[in-house]
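The first residue in the sequence is number 1, and the count goes up from there.
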Amino acid sequence: MPDMHAHPIGRQLATFLLLLLSPWLAAARSAHAAELFLETESFDALGGWKLDTQFIQQMGSPYLLAHGLGRPVDDAVKTIQVTTPGTYRVWARTFDWVARWEAPGAPGKFQIWIDGQPLEPTFGTESADWAWQDGGTVQLDAGPTEFRLHDLTGFDGRCDCIYLTTELDQPPPPADEILSQWRRQQLGLPEEPAERGPYDLVVVGGGYAGMGSAISAARMGCRVALIQDRGVLGGNGSSEVRVWAMGNIRRGKYPRIGEIVEEFADSATKSPGRYEEFEDEKKERIVRAEPQIDLWLNHHAFDAKTEGKRILSVDALNTKTGQVTRMIGDRFVDCTGHGWLGQWVGADSDMAPDGRMGMSNMWRWDETDSPQEFPETPWALDLNMEDFPYPRDHHGQWFWESGFDKDAVGSAESIRDWNLRAVFGAFNAMKNREGADDHRTAILTWVAYVGGPRESNRLLGDVILTQEDIVNKRDFPDGCVPSTWSIDLHYPKEQYAQKYPQNPFISKAVHDQRVDRMYGYPVPYRCFYSRNIDNLFMAGRNVSVTHEALGTVRVMKTCGMMGEVVGKAASICALRDCTPREVYQDHLDELLELLELPGKARRSTPSAPIVIGEDALPKAPAYGIPSGVDPRSLDGVVVDDREADLQGSWGSGTRDINYIGWGYRYASPNSGATATFVLTAKEPGTYQIRLRAAPFDNRATKANVEVRWNDRATTHAVNYRGSEEGEFVDVATVELNSGDELTVVQRSAGANGLIHADAVQMVKIDR
């Protein structure tokens with residue numbers, strides 16, 4: 001038989017056949033090779049390692065993170081049964097997380113120990129991106145075998161998975177796809193996922209928007225799936241990120257909106273707050289108390305099935321076991337923040353090309369009773385004390401933010417890691433550089449490894465809300481969610497950006513204050529559903545607004561109220577078999593009626609009668625629950641300064657006194673300022689007219705107040721200081737018939753101090 005390799009054509013044919021057959025040959029070799037595969041997230045005990053699920057979309061998997069703030073964390077441990085003894089080559093999927101910046105030092109070093117012995121290589125020292133690192137060979141006996149991830153630094157070493165094979169010269173394939181076929185085979189998972197449902201509403205994302213959507217829909221009779229990729233609810237408002245919840249609730253056109261948010265919202269006193277202030281357990285307890293909600297914690301939604309312009313299902317990966325569950329639903333709501341679900345199904349979307357708001361990783365340090373060491377950080381940002389704002393009150397706050405012009409989605413992990421380099425570099429300056437003498441006993445006690453992003457994809461609805469709509473108070477017929485935060489946009493702070501202009505890490509906020517922060521701007525319902533995917537809602541920071549308008553709607557309580565509206569709209573869809581758009585076109589009156597219901601209103605199905613329990617909250621006034629004395633708690637007719645006609649220049653305050661309603665006003669003498677109050681008698685009788693005073697030394701002791709009723713008018717000199725407590729001061733006594741209007745005019749002309757406008761009271765008295 002001739003030698004094929006002796007002839008050039010024969011050699012080419014042999015090479016071609018080898019290339020053609022190499023996948024089959026590799027598979028054949030693997031079929032005879034013994035393999036072991038360990039997903040680190042499934043370890044029996046995680047020790048001090050943290051389960052990080054933020055970047056599955058980018059790198060394909062959850063992973064374990066050694067987030068020890070410079071102190072090595074306890075080992076993560078897994079015991080498996082080895083059935084085939086032999087020599088195995090060990091591979092670990094990891095990387096040197098600072099190598100992308102060519103920074104020295106490889107801070108994320110760790111070891112893999114097998115049955116009490118460390119492998120020779122130190123892991124986390126190679127590659128600038130996720131890749132397989134060769135761990136050398138090890139001899140394994142049959143029987144139980146213990147694996148340990150042994151952290152060496154406490155500085156965010158990370159490991160996705162460990163693969164062992166007796167095929168010593170065959171590296172594993174790339175593993176950057178979510179649940180690739182190879183990874184699925186290694187885990188022994190079925191080709192087809194388990195199915196759950198059908199649900200009336202599938203909610204993807206368990207932050208404030210997702211919780212509001214799920215609870216609202218469930219209480220209106222919908223069967224709901226709530227999918228959250230972490231073990232706690234609340235998103236940015238959880239103990240993992242610790243952003244206090246902002247945005248005023250229970251006010252505006254529909255002051256019942258926000259009652260559900262009030263049930264689970266935190267009451268943190270600072271941002272970042274303390275762990276216990278965010279009440280993760282309370283959030284979960286409230287959701288689990290709803291029998292109509294299936295809560296899927298530690299499940300990462302990563303794909304969706306569609307038919308035409310409709311979503312049929314969402315696939316969710318169990319972040320601990322790798323198993324996939326398919327959630328079948330009639331309608332869906334994207335509460336992911338990044339608009340992931342909309343991206344998978346081709347929903348129209350937008351993202352500001354540059355100048356976006358970034359991601360924050362807040363932090364905290366404290367003082368101890370003895371000197372504390374902190375390792376040098378040559379791999380962190382090279383910072384001196386002048387390079388960052390001093391973290392007063394022991395807090396690194398919201399303005400530790402970066403990623404403004406980076407890919408907010410594709411580069412999310414590197415943005416987070418840059419923030420970590422900034423924090424550790426700053427603390428290094430405090431401990432080991434100019435700040436050393438003042439911080440001998442200082443210690444890092446918390447650094448958020450879960451990032452708090454502000455802006456990325458926005459899904460487009462039938463209305464794209466703009467800054468002009470908000471400041472001009474454009475009135476939409478479906479305006480409903482009160483947005484009360486100023487238009488708050490973030491930019492790099494110039495004085496700190498000079499040293500790191502390629503990615504500044506300290507921000508400033510620029511506010512457009514033309515938003516009514518008490519009543520709120522009513523955001524229209526048409527911002528909360530997709531304009532081209534028939535059964536897709538959205539709530540949260542990925543709703544249909546422009547970059548500028550996002551500055552006001554993005555805060556958490558406002559996002560939660562969006563969810564409340566979406567949940568009620570979903571129940572109408574279920575009842576009427578209609579789309580979110582048709583709710584606006586054909587059933588808007590029905591939606592607005594539901595928005596008048598207490599948050600505790602319930603029905604067992606979308607067609608069942610609505611029941612309002614005794615625990616329902618009282619309906620709030622249009623300006624929200626008063627921060628002072630509720631006018632409704634006082635005798636007689638009380639008109640607050642917010643209902644007065646104010647002319648001229650007035651200041652406002654909430655300081656030091658027991659004011660009525662939401663604050664008080666004051667005006668300078670002879671400034672031309674007036675305040676006009678109109679009151680109506682409910683029955684005939686004699687009435688005492690009174691003004692609220694204030695015990696401030698700068699208030700007038702003599703100022704003119706005019707009282708007009710029917711065809712009469714009288715003028716009275718009023719002492720605005722009143723008693724030591726302020727309280728009300730008597731102005732006039734009048735006789736009125738039922739329905740008579742009485743006008744009180746406070747004037748600054750001729751006053752000998754500031755005039756004070758808080759409230760006018762009309763009380764019936766006996767004569």
Side-chain angles (χ1 to χ4, degrees), residues 199-205 207-210 212-214 216-217 220 222 224-226 254 257 301 304 306-312 314 329-350 457-466 469 476-481 483 522-546 549-550 553-554 558-592 594-595 606:
Y199 294 101
D200 295 308
L201 184 68
V202 176
V203 182
V204 184
Y208 270 55
S213 299
S216 174
M220 288 293 97
C222 294
V224 179
L226 175 56
Y254 303 98
I257 303 175
T306 60
E307 184 178 87
K309 294 183 178 181
R310 289 185 59 83
I311 306 172
L312 302 178
V314 164
D330 292 321
R331 52 207 63 85
F332 298 78
V333 53
D334 189 329
C335 301
T336 64
H338 286 306
W340 285 123
L341 177 54
Q343 297 297 300
W344 302 329
V345 301
D348 290 345
S349 65
D350 190 22
N457 292 304
R458 290 169 279 105
L459 306 180
L460 303 182
D462 283 344
V463 170
I464 303 173
L465 192 69
T466 69
D469 293 334
F476 291 95
D478 52 335
C480 52
V481 170
S483 187
V523 180
Y525 162 72
R526 281 171 290 171
C527 294
F528 307 149
Y529 63 83
S530 170
R531 69 187 187 187
N532 69 308
I533 302 298
D534 289 344
N535 60 341
L536 175 61
F537 289 103
M538 52 267 192
R541 62 182 178 85
N542 52 223
V543 297
S544 182
V545 296
T546 63
L550 181 65
V553 304
R554 63 182 173 79
T558 305
C559 292
M561 290 189 287
M562 297 177 196
E564 292 188 36
V565 172
V566 163
K568 289 179 168 60
S571 73
I572 296 174
C573 292
L575 176 64
R576 304 298 181 194
D577 190 24
C578 67
T579 66
R581 175 179 286 116
E582 289 168 340
V583 170
Y584 172 74
Q585 292 175 337
D586 303 328
H587 307 288
L588 180 59
D589 288 346
E590 188 173 349
L591 174 62
L592 299 183
L594 293 184
L595 299 186

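L341 CG to D334 CG: the interatomic distance, rounded to the nearest 0.5 Å, is 5.0 Å. Rounding to the nearest 0.5 Å places CG of N542 at 5.0 Å from CG of L459. Of the inter-residue distances, the one linking R581 atom CZ with N535 atom CG reads 11.5 Å to the nearest 0.5 angstrom. Summarising the geometry, atom CE belonging to M562 is positioned 14.0 Å from atom OG belonging to S216; distances are rounded to the nearest 0.5 Å. Note that the CD1 atom of I572 and the CG atom of D577 stand 13.5 Å from one another [nearest 0.5 Å]. Taken to the nearest 0.5 Å, the CD atom of E582 stands 10.0 Å off from the OH atom of Y529.
In this structure, the side chain of R331 does not engage the main chain of L536 through any donor-acceptor pair within 3.5 Å. In this structure a side-chain-to-backbone donor-acceptor pair under 3.5 Å is present from R541 to G337. Remark: side-chain polar atoms of R526 are not paired, donor with acceptor, to backbone N or O of V463 under 3.5 angstrom. Judged by distance alone, the side chain of S544 and the main-chain N or O of C527 form no donor-acceptor pair under 3.5 Å.
Residues F332 and V314 are in side-chain contact: their nearest non-hydrogen atoms beyond the backbone lie under 4.5 Å apart. With a 4.5 Å cut-off on side-chain heavy atoms, I464 and T546 count as touching. Using a 4.5 Å cut-off on side-chain heavy atoms (C-beta onward), D478 and L588 make contact. Considering only heavy atoms from C-beta on, M220 comes within 4.5 Å of L594 through its side chain. Between V523 and C480 the shortest side-chain heavy-atom distance does not fall below 4.5 Å. In this structure, V583 and C573 have side chains that are in contact, with non-hydrogen atoms separated by less than 4.5 Å. Contact check for R310 versus I533: no side-chain heavy atoms found under the 4.5 Å cut-off. In this structure the side chain of F476 reaches within 4.5 angstrom of the side chain of D469, judged on heavy atoms.
Q585 CD: more than 12 foreign heavy atoms inside a 6.0 Å radius.
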Worksheet entry | Check against side-chain contact (heavy atoms from CB on, under 4.5 Å), T306 and W344 | CA-CA 9 Å; T306 60; W344 302 329; over 6 Å; no
Fill in: side-chain contact (heavy atoms from CB on, under 4.5 Å) between Q343 and S349, worked out
CA-CA 8 Å; Q343 297 297 300; S349 65; 3.1 Å; yes
Discussion item. side-chain contact (heavy atoms from CB on, under 4.5 Å) for C578 and H587? Distances and angles first, verdict last.
Written reply: CA-CA 9 Å; C578 67; H587 307 288; 3.9 Å; yes
Worksheet entry | Candidate pair F537 and S530, rule side-chain contact (heavy atoms from CB on, under 4.5 Å), full reasoning | CA-CA 6 Å; F537 289 103; S530 170; over 6 Å; no
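Using a cut-off of 4.0 Å between Lys/Arg side-chain N and Asp/Glu carboxylate O, R531 and D462 are scored as not salt-bridged.
In terms of the side-chain hydrogen bond (donor to acceptor under 3.5 Å, both in side chains) criterion, T558 has no residue partners (sequence neighbours excluded). Contacts of D534 classified as salt bridge (charged side-chain N to carboxylate O under 4.0 Å, His left out), with partners at least two apart in sequence or in another chain: none. With sequence neighbours left out, the side-chain hydrogen bond (donor to acceptor under 3.5 Å, both in side chains) criterion links Y199 to D294.
Scanning all heavy atoms of the two residues, the minimum distance from C222 to A574 falls at SG-CB, 4.4 Å. Shortest non-hydrogen contact noted between P524 and L465 is CD-CD1, 3.9 Å. Contact detail for G346 and N532: the closest heavy-atom pair is O-ND2, 3.1 Å.
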